[in-house]
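Read through the structure below, which is laid out as structure tokens, and then see the notes.
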Amino acid sequence: MQNIPQLLTGKKGLILGVANEWSLAWGIAQAAHAAGATLSLTYPNEAMQRRVLPMAAQLGANVLECDVTHDTHLAELGRYFGQPENKLDFVVHAVAFANKEELRAGITSTSREGFRTAMEVSCFSFIALAKALEGALNPNASLLTLTYEGSTKVVPNYNIMGVAKAALESATRYLAAELGPQGVRVNAISAGPINTLAARGIGGFGGMLKHHEATAPLRRLTTQADVAGAALFLLSSMGSGTTGEVLMVDTGAHILGPTVSFDTP
Ligand code: NAP
């Protein structure tokens with residue numbers, strides 16, 4: 001990566017959610033590394049460990065196990081990063097999951113178990129992570145999560161994930177209010193649709209990409225680099241006055257009403 005300002009020199013960061021090179025977390029990890037940070041990445045299971053290890057090696061990053069539904073894994077992160085030499089300056093939570101069949105079938109097809117899983121992995125995990133890392137954060141630490149506009153507007157096939165993202169954005173504000181007096185900032189980036197493994201689970205995602213590219217004010221798709229740039233702002237001292245914010249990084253798509261087109265009279 002070129003032309004990345006050294007905004008994170010001497011900073012230590014933990015990034016959850018690297019699955020492959022398309023992951024938003026990977027874009028953020030590459031940018032944070034280029035900006036001077038020392039990183040730790042996580043993997044949720046053995047299969048992912050095999051994928052994440054070589055990627056982490058590219059960045060000289062440490063690797064730890066963390067399935068966010070396992071309290072023991074979260075506690076181990078708290079113990080490891082609680083050691084004085086390991087304390088963190090930033091944490092990126094780029095983790096979400098919902099049952100694919102239920103997502104496609106519609107909101108009324110959400111089962112009790114599907115609701116619980118989507119909310120636990122996609123929302124509660126951010127709160128649980130903040131709690132687990134309470135004693136592991138350096139002064140002025142920054143926590144960041146990833147969300148999507150389906151939280152506030154109805155997006156076809158997003159269904160229960162929209163409900164979970166609404167809860168995640170609300171949790172971001174409550175965490176910001178509670179941790180603010182300790183100097184800890186908590187923010188979210190609301191990214192436009194980007195072709196990743198998780199996104200491909202959403203029915204009609206290809207059509208969503210085409211529509212976004214054709215209509216967003218910047219007339220292009222959101223990129224990993226767009227999200228990583230915004231993340232560097234929020235994770236570094238450049239964002240020192242911003243907390244509890246949901247920052248839209250979607251090439252402007254969210255400003256449009258349903259029938260707005262400036263191309264046709
Ligand atoms: P991704 O590469 O598939 O990343 C999702 C990550 O969540 C994967 O690493 C996945 O691991 C992990 N995960 C799922 N369940 C987990 C668990 N129990 N414990 C730990 N990790 C778990 O997709 P992505 O698009 O970059 O997603 C990152 C974040 O960005 C998500 O919160 C997503 O909702 C958000 N976002 C994405 C878009 C988009 O269009 N791509 C737009 C806005 C917001 P496994 O692969 O092993 O399940």
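These figures come from a predicted structure and were not determined experimentally. Order of listing sets the numbers, starting from 1, for every ligand and every atom in it.
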Against heavy atoms of [X], which atoms of ligand 1 measure under 4.0 Å?
{"X": "Ala199", "answer": "40 (O), 41 (N)"}
{"X": "Ser23", "answer": "1 (P), 2 (O), 26 (O)"}
{"X": "Pro193", "answer": "40 (O)"}
{"X": "Leu197", "answer": "3 (O)"}
{"X": "Cys66", "answer": "19 (N), 20 (C)"}

Where does the angle between the aromatic ring planes of Tyr148 and Tyr158 fall among parallel (under 30°), tilted (30 to 60°) and perpendicular (over 60°)?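 Plane angle over 60°, so perpendicular.
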How about [X] and [Y]: do any of their side-chain heavy atoms sit closer than 4.5 Å?
{"X": "Leu232", "Y": "Met238", "result": "no"}
{"X": "Glu149", "Y": "Val155", "result": "no"}
{"X": "Leu14", "Y": "Tyr80", "result": "no"}
{"X": "Leu129", "Y": "Val68", "result": "no"}
{"X": "Ser23", "Y": "Leu197", "result": "no"}

If you have a sec, work out which protein heavy atom is nearest [atom] and how many Å separate them, to one decimal?
{"atom": "atom 8 (C) of ligand 1", "result": "Ala19 CB, 3.8 Å"}
{"atom": "atom 40 (O) of ligand 1", "result": "Ile194 N, 2.7 Å"}
{"atom": "atom 18 (N) of ligand 1", "result": "Asp67 OD1, 2.9 Å"}
{"atom": "atom 15 (N) of ligand 1", "result": "Val121 CG1, 3.5 Å"}
{"atom": "atom 9 (O) of ligand 1", "result": "Gly17 O, 3.2 Å"}
{"atom": "atom 11 (O) of ligand 1", "result": "Pro44 CG, 3.9 Å"}
{"atom": "atom 14 (C) of ligand 1", "result": "Ala96 O, 3.6 Å"}

Would you say the side-chain atoms of Glu102 and Ser111 include a donor-acceptor pair closer than 3.5 Å?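 Yes - a donor-acceptor pair under 3.5 Å links their side chains.
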Out of [options], indicate the one that has the non-hydrogen atom closest to [atom].
{"atom": "atom 6 (C) of ligand 1", "options": "Ala198, Ala94, Gly27", "result": "Ala94"}
{"atom": "atom 44 (C) of ligand 1", "options": "Val18, Thr147, Leu146, Val95", "result": "Thr147"}
{"atom": "atom 32 (O) of ligand 1", "options": "Lys165, His73, Met48, Glu65", "result": "Lys165"}

Looking at Thr243, Asn187, Val92, Leu143, which one forms a side chain to side chain contact (heavy atoms under 4.5 Å, CB included) with Leu234?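 Exactly one pass, corresponding to Asn187.
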Which one of Leu16, Val186, Ile15 satisfies the side chain to side chain contact (heavy atoms under 4.5 Å, CB included) criterion with Val91?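 Exactly one candidate clears the test, Leu16.
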Please determine whether any non-hydrogen atom of Gly192 lies less than 4.0 Å from an atom of ligand 1. yes
Is it the case that atom NZ in Lys153 sees more than 12 heavy atoms from other parts of the structure closer than 6.0 Å? yes
Please say whether more than 12 non-hydrogen atoms of neighbouring residues, nucleotides or ligands are located less than 6.0 Å from CD in Gln83.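 Enclosed.
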Is Arg116 salt-bridged to Glu113, cutoff N-O under 4.0 Å?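 The answer is yes: the pair qualifies as a salt bridge.
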Indicate yes or no: does an N/O atom of [X] lie under 3.5 Å from an N/O atom of ligand 1?
{"X": "Ala25", "result": "no"}
{"X": "Thr69", "result": "no"}
{"X": "Thr196", "result": "yes"}
{"X": "Val68", "result": "yes"}

For atom 48 (O) of ligand 1, decide whether some protein heavy-atom distance is shorter than 4.0 Å.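 Within 4.0 Å of atom 48 (O) of ligand 1, no protein heavy atoms are found.
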Interatomic distance, Thr110 atom OG1 to Ile160 atom CD1 [nearest 0.5 angstrom]: 4.5 Å
With a 4.0 Å heavy-atom cut-off (strictly under), which part of Leu24 contacts ligand 1: side chain, backbone, both or neither? both
